[in-house]
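One structure below.
The residues of the chain are indexed from 1 along the displayed sequence. Counting starts at 1 for both ligands and their atoms, in listed order.
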Amino acid sequence: MAAAPQTFDLIFFGGTGDLAMRKLLPALYYRFRDSRGTQGWRIISAGRQPLSRDEYLAYVAEHCRRFIPAADLDETAWSAFMHQLEYVRIDARDAAGYADLANRLQNSAERVRVFYLSTAADLFADICRNLAQAGLVTPLSRVVLEKPLGRDLASATEINEQVGAIFNESQIFRIDHYLGKEAVQNLIALRFGNAIIEPLWSRASVRDVQITIAETVGVEGRGEFYDRAGAMRDMMQNHLLQLLCIVAMEPPSSIDPDAMRDEKLKVLRTLKPFSPEDVRNKTVRGQYRAGAIDGKPVPGYLNEDGIGADSCTETFVALKAELGNWRWAGVPFFLRTGKRMQERLAEIVVNFRSVPHAILPMAAAGGDNRLVIRLQPDEGIKLYLSVKVPGDEMRVRTVPLDLDFAEAFQTRQWDAYERLLVDVIQGKLTLFMRRDELDAAWRWIDPIHAAWHDSGDRPKPYAAGTWGPTASSALIVREGLSWREDA
Ligand code: BG6
């Protein structure tokens with residue numbers, strides 16, 4: 001059983017929001033349930049709605065409990081958890097509301113204090129300023145910033161400057177929940193805990209890398225936010241680029257935050273910039289039309305709530321990235337993400353080069369070695385090796401050497417937010433983005449947005465329930481390769 005995080009006050013801005021209900025409160029419930037000695041916890045949700053504490057608890061019961069499977073709901077633990085929960089009404093931009101929060105936090109300056117900002121990024125600076133003015137920022141305070149942080153380098157810089165005027169960098173936790181996923185931790189363990197991997201981990205042995213985060217859900221009631229963001233800002237700029245960093249980084253000298261983040265930063269700075277022509281040739285953006293998911297009809301993006309009638313926002317992006325360094329020169333990294341795709345799937349596929357001279361007949365198509373790190377739905381690692389098919393003939397086929405984490409460890413996997421919240425409370429920055437990483441990511445993404453905008457093209461349509469526009473297959477087929485599900 002995990003040790004309880006230390007005593008803390010955790011203040012959620014966006015306390016009635018979707019993320020709080022779906023992820024943050026369930027994550028804390030699990031930590032609370034599985035920890036001992038949690039009297040020192042205090043969770044204060046801040047929101048704009050005028051709710052009494054009882055009304056907020058009823059709201060949580062209605063909107064949050066359904067995200068915790070019944071088998072995991074221990075009623076005694078749940079009601080003890082609810083006792084830790086308070087609600088305070090704050091309009092983020094209105095300094096007046098912070099007095100109530102200050103009253104509640106009186107005499108607790110010696111406790112770890114976490115401000116979790118799960119609001120629109122354009123409120124971050126105001127919230128931080130108001131917290132400071134109300135005297136709430138103590139040396140033991142930390143602030144968590146949800147992504148996407150800004151919409152481009154200029155807006156991210158402004159937010160970072162303003163937040164940085166109140167909190168120092170070691171107090172700022174820029175969260176990317178993909179880094180908290182068990183499989184990503186395992187990729188780090190696989191790469192840096194096994195001597196046999198490193199000699200294979202370069203252009204000499206790797207042919208291409210594919211990173212896919214495919215979702216079957218649409219915009220899920222977040223239409224207004226999503227229509228301003230799109231898949232590039234919502235997923236590519238952060239989750240996919242961070243996964244790319246973990247795959248491609250040089251071994252850091254230690255697991256210390258800055259050692260890891262220095263290496264990730266080098267990867268981001270090594271990404272080859274896209275010219276407008278590259279954007280035309282190496283990126284594909286799509287937007288879903290009506291279709292079916294699991295046999296059920298779903299509307300097209302333009303008919304979802306909160307979406308502009310003529311919206312050009314992309315719900316799908318695929319691109320070919322390249323790194324300009326010795327280890328990876330010439331190895332394409334294909335990145336792809338989309339909503340309303342055929343399957344919910346997040347995985348990293350490392351395809352190795354073929355044997356230099358084939359002497360064995362293959363029993364089936366394919367046959368090259370491949371390492372698949374599956375983040376979801378079922379987290380695990382598979383290494384595909386060629387083995388002989390039983391029988392008198394000498395024929396080989398690739399079969400996976402399969403490590404299913406759930407089976408191997410017979411234990412519930414922590415949700416990414418559980419790990420990351422515990423890390424924040426314990427002050428561990430390793431899995432959070434440093435400002436220069438974020439800047440480097442925007443610097444690479446901005447020209448792509450600009451070229452899309454200047455081209456005047458619309459995103460390519462794809463039917464919900466498919467793998468995206470056909471141009472996405474063409475992007476990879478052109479290189480003589482295919483996405484894994486087509487292989
Ligand atoms: C979030 C995005 O960061 O990640 C959402 O804002 C997306 O649009 C979600 O649905 C996906 O996370 P996960 O962990 O469910 O794959």
Side-chain angles (χ1 to χ4, degrees), residues 14 17-27 30 66-69 116-122 144-151 156 173-187 211-244 246 285-288 293 298 301 304-307 311 313-317 335-348 373-380 405 413-421 431-433 438 441 445 464 468:
D18 183 61
L19 189 71
M21 295 303 131
R22 192 184 284 266
K23 292 287 182 186
L24 302 177
L25 290 175
Y30 277 112
R66 65 198 162 97
F67 293 107
I68 304 172
Y116 195 119
L117 311 193
S118 142
T119 63
D122 54 10
V144 184
L145 307 180
E146 261 294 339
K147 49 130 297 259
L149 210 158
R151 18 184 323 102
F173 289 70
R174 296 180 191 82
I175 197 164
D176 182 319
H177 77 279
Y178 265 70
L179 292 186
K181 291 192 188 263
E182 196 67 17
V184 176
Q185 314 279 296
N186 253 299
L187 174 57
I211 305 179
T212 298
I213 305 180
E215 301 183 273
T216 50
V217 291
V219 292
E220 300 289 286
R222 297 191 307 153
E224 265 172 51
F225 155 77
Y226 194 88
D227 208 34
R228 276 181 280 119
M232 195 68 157
R233 293 189 179 91
D234 188 42
M235 303 291 288
M236 185 66 77
Q237 187 268 350
N238 30 76
H239 303 327
L240 281 105
L241 285 188
Q242 286 292 315
L243 295 180
L244 166 74
I246 304 279
R285 55 181 177 146
Q287 192 183 69
Y288 64 82
I293 301 283
V298 294
Y301 179 71
E304 301 270 18
D305 286 346
I307 307 301
S311 171
T313 300
E314 76 287 353
T315 60
F316 174 96
V317 191
L335 312 185
R336 165 177 74 150
T337 184
K339 299 243 180 238
R340 290 288 192 222
M341 309 254 309
Q342 189 164 318
E343 265 176 50
R344 175 171 181 258
L345 171 76
E347 65 180 22
I348 300 168
I373 298 116
R374 175 69 79 99
L375 283 72
Q376 52 207 30
D378 37 359
E379 303 193 312
F405 300 152
Q413 303 281 325
W414 282 32
D415 182 75
Y417 278 100
E418 283 178 62
R419 166 177 325 283
L420 295 174
L421 278 166
L431 296 175
F432 296 84
M433 280 184 284
L438 189 84
I445 295 282

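Below 30°, between 30° and 60°, or above 60°: for Tyr288 and Tyr301 the angle between ring planes is above 60°, a perpendicular geometry.
Side-chain atoms of Arg228 and Arg233, non-hydrogen and from C-beta on, never get closer than 4.5 Å to each other.
Arg344 and Thr216 share no donor-acceptor pair across their side chains, judged by distance under 3.5 Å alone.
Considering Glu347, Glu182, Glu343 in turn, Glu347 is the only one that fulfils the salt bridge (charged side-chain N to carboxylate O under 4.0 Å, His left out) rule with Arg374.
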Measure from every N or O atom of ligand 1 to the protein's N or O atoms and keep only the pairs below 3.5 Å, writing each with atom names and distance to 0.1 Å.
residue, atom, partner, partner atom, Å
ligand 1, 3 (O), Lys147, NZ, 2.6
ligand 1, 3 (O), His239, NE2, 2.7
ligand 1, 6 (O), Lys147, NZ, 3.1
ligand 1, 6 (O), Arg222, NH1, 3.3
ligand 1, 6 (O), Arg222, NH2, 3.3
ligand 1, 6 (O), Asp234, OD1, 2.6
ligand 1, 6 (O), Asp234, OD2, 3.4
ligand 1, 8 (O), Arg222, NH2, 2.4
ligand 1, 8 (O), Asp234, OD2, 2.6
ligand 1, 8 (O), Lys339, NZ, 2.7
ligand 1, 10 (O), Glu215, OE1, 3.4
ligand 1, 10 (O), Glu215, OE2, 2.5
ligand 1, 10 (O), Lys339, NZ, 3.1
ligand 1, 12 (O), His177, NE2, 3.1
ligand 1, 14 (O), His177, NE2, 2.7
ligand 1, 14 (O), Lys181, NZ, 2.6
ligand 1, 16 (O), Tyr178, OH, 2.4
ligand 1, 16 (O), Gln376, NE2, 2.6

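A salt bridge does not link Lys23 with Asp18: every distance from a Lys NZ or Arg NE/NH1/NH2 to an Asp or Glu carboxylate oxygen is 4.0 Å or more. Glu220 has no carboxylate O lying under 4.0 Å from a charged side-chain N of Lys339, or vice versa, which leaves the two without a salt bridge.
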